[in-house]
Amino acid sequence: GRCATLSILQSGSIGDLKVAAQESLGRGFLRLAAPDGRLLDPSESLEFSGLEDGESVAAVAQLPMVAVTGTAFALSCAGSNRIVTWGMQEFGGCSEAIQDKLMNVQQINATAFAFATILADGSVVTWG
């Protein structure tokens, strides 16, 4: 593994720490874990995250998942609660309507005209 020392203002967020780690380590798609093993929420402030000054966090590299219909693309990382989509809306290029249903995405699949995600609980969400 690799190691980096980062300094972030207490008024910052876990997201700020994540960006600094990604830049320092030269890796995108990182998830940060606290010393107790819990995954840190990028939207949470450092102040309320439970992290103490000087503590070490683990940065876990995730492999991105990409799926393609005929004219749209979908991108996510395993375990995330969000999928980024672009392309022709009628073929899945817009996923706004289903974003609130995405909890712990495990897999993305595509046909020529639509996408389907498999969630950790085994349920399937489709759009396009």
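Computed from a predicted structure; not experimentally measured.
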> Of the non-hydrogen atoms in Ala33 and Gly37, which two are nearest, and what is the gap between them?
CB-O, 4.3 Å
> Could you go step by step and tell me if Val66 and Leu75 meet the side chain to side chain contact (heavy atoms under 4.5 Å, CB included) rule?
CA-CA 5 Å; Val66 177; Leu75 170 72; 3.6 Å; yes
> Same cluster or not: Leu119 versus Phe115, using hydrophobic residues (I, L, V, M, F, W, Y) connected whenever any side-chain heavy atoms lie under 4.5 Å apart?
yes
> What is the distance from atom CG of Leu30 to atom CG of Leu17, rounded to the nearest 0.5 Å?
10.0 Å
> Would a single hydrophobic cluster contain both Val19 and Ile14, if residues Ile, Leu, Val, Met, Phe, Trp and Tyr are joined by side-chain heavy-atom contacts under 4.5 Å?
no
> Would you compute the distance between atom CD of Gln106 and atom CD1 of Ile118 and round it to the nearest 0.5 angstrom?
9.0 Å
> Among Met65, Gln107, Arg82, find the residue that satisfies the side chain to side chain contact (heavy atoms under 4.5 Å, CB included) test when tested with Ser76.
Met65
> Which heavy atom of Ile8 sits nearest a heavy atom of Ala20, and at what distance?
CD1-CB, 3.7 Å
> Mind listing the closest non-hydrogen atom pair of Ala34 and Val57 along with its distance?
CA-CG1, 4.5 Å
> Pair up each side-chain donor or acceptor in residues 85-94 with any protein partner under 3.5 Å, not counting sequence neighbours, and list the distances.
residue : atom : partner : partner atom : Å
Thr85   : OG1  : Gly93   : O            : 3.2
Thr85   : OG1  : Ser95   : N            : 3.2
Thr85   : OG1  : Ser95   : OG           : 3.0

> With a 3.5 Å distance limit and no angle check, can you tell me whether Ser49 reaches the backbone of Leu46 through a side-chain donor-acceptor pair?
yes
> Under the side chain to side chain contact (heavy atoms under 4.5 Å, CB included) rule, what do Thr69 and Phe113 come out as? Steps first, then yes or no, please.
CA-CA 5 Å; Thr69 65; Phe113 306 106; 5.9 Å; no
> Please check if Val125 and Ile83 belong to a single hydrophobic cluster, counting links between Ile, Leu, Val, Met, Phe, Trp and Tyr side chain heavy atoms closer than 4.5 Å.
yes
> Taking CZ in Arg27 as the centre, count heavy atoms belonging to other residues, nucleotides or ligands within less than 6.0 Å. Is the count above 12?
no
> Please name the pair of heavy atoms, one in Ser24 and one in Ala4, separated by the smallest distance, quoted to 0.1 Å.
OG-CB, 3.2 Å
> Passes side chain to side chain contact (heavy atoms under 4.5 Å, CB included), Leu40 versus Leu51? Steps please.
CA-CA 10 Å; Leu40 297 170; Leu51 294 175; 3.9 Å; yes
> Can you tell me how far apart CG (Asp100) and CG (Leu102) are? Round to the nearest 0.5 Å.
8.0 Å
> Should Leu39 and Leu32 be regarded as members of a common hydrophobic cluster, given that ILVMFWY residues are connected when their side-chain heavy atoms come within less than 4.5 Å of each other, either directly or indirectly?
no
